[in-house]
Amino acid sequence: MNIINKKIELPDGRVIEIETGKLAKQAAGSAVVKMGGTMLLATVTCAKEVKEGTDFMPLTVDYREKYYSAGRFPGGFLKRESRPSDYEVLIARLVDRPIRPLWPDDFHLEVFVNIMLISAEKDIQPDALAGLAASAALATSDLPFGGPVSEVRVARIDGQFVINPGFADGARADLDLMVAATEENIMMVEGEMNEVSEHDMLEAIKFAHRRGGRSPSHRRPRVLL
């Protein structure tokens, strides 16, 4: 069993851990991302043959938060978890958007990326880790993915930018963005804020790119929106 474990230290000392080689080894690629008591498992599978007539990239991303991650189990008449909630669908889209452009134009095999929240800590927002988990799983596969990608939440709290704040601190933010990026390019920006200047917006994006698990770069990143 070849287990690979890497750690990313955030500016405030918190640690994001990425592990591969232990779970879901039959998938084309898999990775576990942990932060505190929150853990996500991302897996990647791929079709063997292209469906006739396919001239696009058939990528499907699914994100699910299992009841057992919070120590709960469905009861009553419905004993199983049903279709994804709007919240889960939106997170899946936040993962899909930055990774979809990073495939060769002539790659038409069906690819399925599944992200599951296995364990949840009360004050850690797991959606900020989903994109990183998916990218790590894709990077461990032999698929022609043009990543890796890092995705983080950046919030401005009491005038200071913070990477991946908890629920309690995030509630006090006047700017809350999800930023996904490669080493050189900003791939996606999504979020909400009170009215802010263009300068503040750009500073938030640059802060996310510099501090959100990416290596510092002297080159100015390009923004692809």
Side-chain angles (χ1 to χ4, degrees), residues 1-6 8 16 18-34 39-66 80-118 126-152 178-190 212-214 221-225:
M1 186 178 294
N2 183 25
I3 299 175
I4 300 174
N5 187 289
K6 300 292 183 181
I8 302 170
I16 298 174
I18 304 173
E19 181 181 275
T20 186
K22 184 176 182 180
L23 298 181
K25 292 190 292 183
Q26 289 183 319
S30 65
V32 172
V33 171
K34 304 175 186 177
M39 180 170 70
L40 298 94
L41 169 65
T43 60
V44 178
T45 55
C46 182
K48 300 297 184 182
E49 297 180 356
V50 178
K51 285 186 177 180
E52 185 176 353
T54 302
D55 60 356
F56 61 96
M57 169 59 187
L59 171 67
T60 301
V61 177
D62 187 44
Y63 173 84
R64 296 297 183 97
E65 294 191 348
K66 297 297 185 180
R80 297 182 180 179
E81 299 179 48
S82 58
R83 64 183 183 182
S85 65
D86 290 346
Y87 173 73
E88 290 169 314
V89 171
L90 289 173
I91 295 175
R93 290 178 180 176
L94 289 175
V95 176
D96 183 292
R97 288 176 184 173
I99 66 176
R100 185 173 289 274
L102 298 175
W103 296 85
D105 293 337
D106 59 350
F107 186 81
H108 302 316
L109 291 174
E110 283 189 283
V111 175
F112 188 86
V113 179
N114 184 46
I115 310 156
M116 291 187 296
L117 179 64
I118 296 177
D127 56 352
L129 303 173
L132 177 61
S135 173
L138 286 165
T140 65
S141 73
D142 58 0
L143 302 178
F145 175 59
V149 171
S150 183
E151 184 171 309
V152 299
M178 292 286 285
V179 180
T182 64
E183 188 74 33
E184 296 182 354
N185 299 323
I186 304 296
M187 302 300 296
M188 182 202 71
V189 179
E190 178 78 23
R214 308 304 305 158
R222 293 189 295 136
V223 179
L224 305 181
L225 300 178

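Each residue takes its place number in the sequence, starting with 1.
The CD1 atom of I99 sits 5.0 Å away from the CG atom of L59 when rounded to the nearest 0.5 Å. Atom-to-atom distance recorded for I115:CD1 and I91:CD1 is 9.0 Å, nearest 0.5 angstrom. Taken from CD in E19 to CD1 in I4, the straight-line distance is 10.0 Å, to the nearest 0.5 Å. In this structure, CD1 in I186 is found 10.5 Å from CE in M188, a value given to the nearest 0.5 Å. Residue M116 holds its CE atom at 10.5 Å from CZ of R64, rounded to the nearest 0.5 Å. In this structure, the separation between CZ on F145 and CZ on F107 is 11.5 Å, given to the nearest 0.5 Å.
For the residue pair L102 and P98, the shortest heavy atom distance occurs at CD1-O, 3.5 Å. What you find for V113 and A134 is that their closest heavy atoms are CG1-CB, 3.9 Å.
Using modelled atom types, one side-chain atom of E88 and one backbone atom of E65 make a donor-acceptor pair closer than 3.5 Å.
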May I have the list of side-chain donor-acceptor pairs in residues 40-54 shorter than 3.5 Å, sequence neighbours left out?
from : atom 1 : to  : atom 2 : distance (Å)
T54  : OG1    : K51 : O      : 2.9

Let me check something: any side-chain donor-acceptor pairs from residues 135-142 under 3.5 Å, sequence neighbours excluded? List them with distances.
from : atom 1 : to   : atom 2 : distance (Å)
S135 : OG     : V149 : N      : 2.7
S135 : OG     : V149 : O      : 3.0
T140 : OG1    : S30  : N      : 3.2
T140 : OG1    : A137 : O      : 2.7
S141 : OG     : L138 : O      : 2.7
S141 : OG     : L143 : N      : 3.3

(message) The test is side-chain contact (heavy atoms from CB on, under 4.5 Å); show your working for K6 and T20 and say whether it passes.
(response) CA-CA 9 Å; K6 300 292 183 181; T20 186; over 6 Å; no
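Considering only heavy atoms from C-beta on, Y63 comes within 4.5 Å of L117 through its side chain. E151 is not listed as a side-chain neighbour of M187, based on a closest heavy-atom distance of 4.5 Å or more.
Annotation: side-chain hydrogen bond (donor to acceptor under 3.5 Å, both in side chains) contacts involving residues 95-105, sequence neighbours excluded, comprise D96-R100, R97-E190.
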